[in-house]
Amino acid sequence: MLSYFLKKLLYAFFTLFGVVTVVFFLFNVLPGDPARMMLDQNENSEQLLAIKKKYGFDQPISKQYVLYLNDLSPISVHSNMADDYSFNTDDKYTGVTLLNTGSYSVMAKTPYLRESFQKSGKKVSSILADTLPNTVLLASLAIAIALVVGVFLGIISALFKNTWIDKSIAIISTFGMSIPSFFSAILFAWIFGYVLHKYTHLPMTGSLYEVDDLGTGRHLALKNAILPSIVLGIRPLAVVIQLMRNTLLEVLSQDYIRTAKAKGLSTSKIIRKHALKNSLNPVVTALSGWFASMLAGAVFVEYIFGWNGLGKEIVDALNTLDLPVIMGAVLIIATSFVIITILVDLIYAYLDPRVKLN
């Protein structure tokens, strides 16, 4: 178990290091001056030089890369000299000093994703902290819908193999896989949020929190999550149905299932006690990939429904070339992929004792 985690930590380190490197150099070859973006239309030559010096934009690209790694690293080096902006801690970091040599300090800190170019110097970590939980909630609801409904329909489809029930579910599954998410979002918003609004009472747009007309503050509006979570769960639902059906049919043909039938166990008990757990491994694989991709792939759904999540924030940042926000969002998504991969391996080991962590 220990060697497994050490291997996974090493894998995570090199994966994230590669992502950081690609992201940094990719966005630093784009046209545009970051200092001018931060000052917008109000810059003058003195302000421009001060911004470039403070954030290291006047340094060679290789040194900017080192500074960026230093900002992201949980253990980093910083200058104690007020006129040395390159490694100066200023008030950017949250952490503790491990070593102080007078001129420089070694700190343990949370990763610093820098500041937004467009939101008055607001920290990227703060922006993502406001939006990421909304996307995680939406993705979790979508996965829950896909898992519960998909597993149920997959079992029904397998039990009624080659009947009209099986064929009807297959048609629904195929339709769910083929329809683009942006189209289904528009369709669901129009039908259930506009045409049938007096029956559903669901809004066409809205986020997790709303401000009421009386000005009494924000209040939770979970009903706004219903339509976007259903739309976001349509495609993984279609995948789960087909995977569950095919895997369950394969498991039901195994010798130990035939033995259970010969002992007189009912079909429901065989599925619940023996077949279901062994059929869930491919479903877990599919859903883990879908959950991680939803953090980035919810862009269209969030934008159409006006859901204030990570996807909508990425679109807004792309429209304004707010590079730190885009880079921070990409790193958060990459980190999520790595963490989910490790968690999936642990779930595998629980569902199937034959799977060894090594």
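- Listed for the Ser76 side chain is no donor-acceptor partner under 3.5 Å among the backbone atoms of Asp71.
- Listed here is the closest heavy atom pair of Ile314 and Ile333: CD1-CD1, 4.2 Å.
- Counting only distance, with no hydrogens or angles, the side chain of Ser105 and the backbone of Thr101 share no donor-acceptor pair below 3.5 Å.
- The two atoms that bring Val299 and Val315 nearest to each other are CG1-CG2, 3.0 Å, heavy atoms only.
- Checked by atom type and distance alone, the side chain of Ser73 never pairs as donor or acceptor with a backbone atom of Asn70 at under 3.5 Å.
- Phe24 contributes atom CZ, which lies 8.0 Å from atom CG of Leu67 (distance to the nearest 0.5 angstrom).
- Of the possible polar contacts, none joining the Asn134 side chain to the Trp307 backbone as a donor-acceptor pair under 3.5 Å is found.
- With hydrogens and angles ignored, the 3.5 Å screen pairs no side-chain donor or acceptor of Ser173 with any backbone N or O of Gln242.
- Remark: side-chain polar atoms of His197 are not paired, donor with acceptor, to backbone N or O of Phe192 under 3.5 angstrom.
- Counting only distance, with no hydrogens or angles, the side chain of Glu302 and the backbone of Lys312 share a donor-acceptor pair below 3.5 Å.
- Put simply, the side chain of Ser157 does not reach to within 4.5 Å of the side chain of Ile165, judged on heavy atoms.
- Between the side chain of Ser126 and the main chain of Lys122, no donor-acceptor pair closer than 3.5 Å is present.
- For the pair Asp322 (side chain) and Phe117 (backbone), a donor-acceptor distance under 3.5 Å is present.
- A donor-acceptor pair under 3.5 Å is formed between the side chain of Ser168 and the backbone N or O of Trp164.
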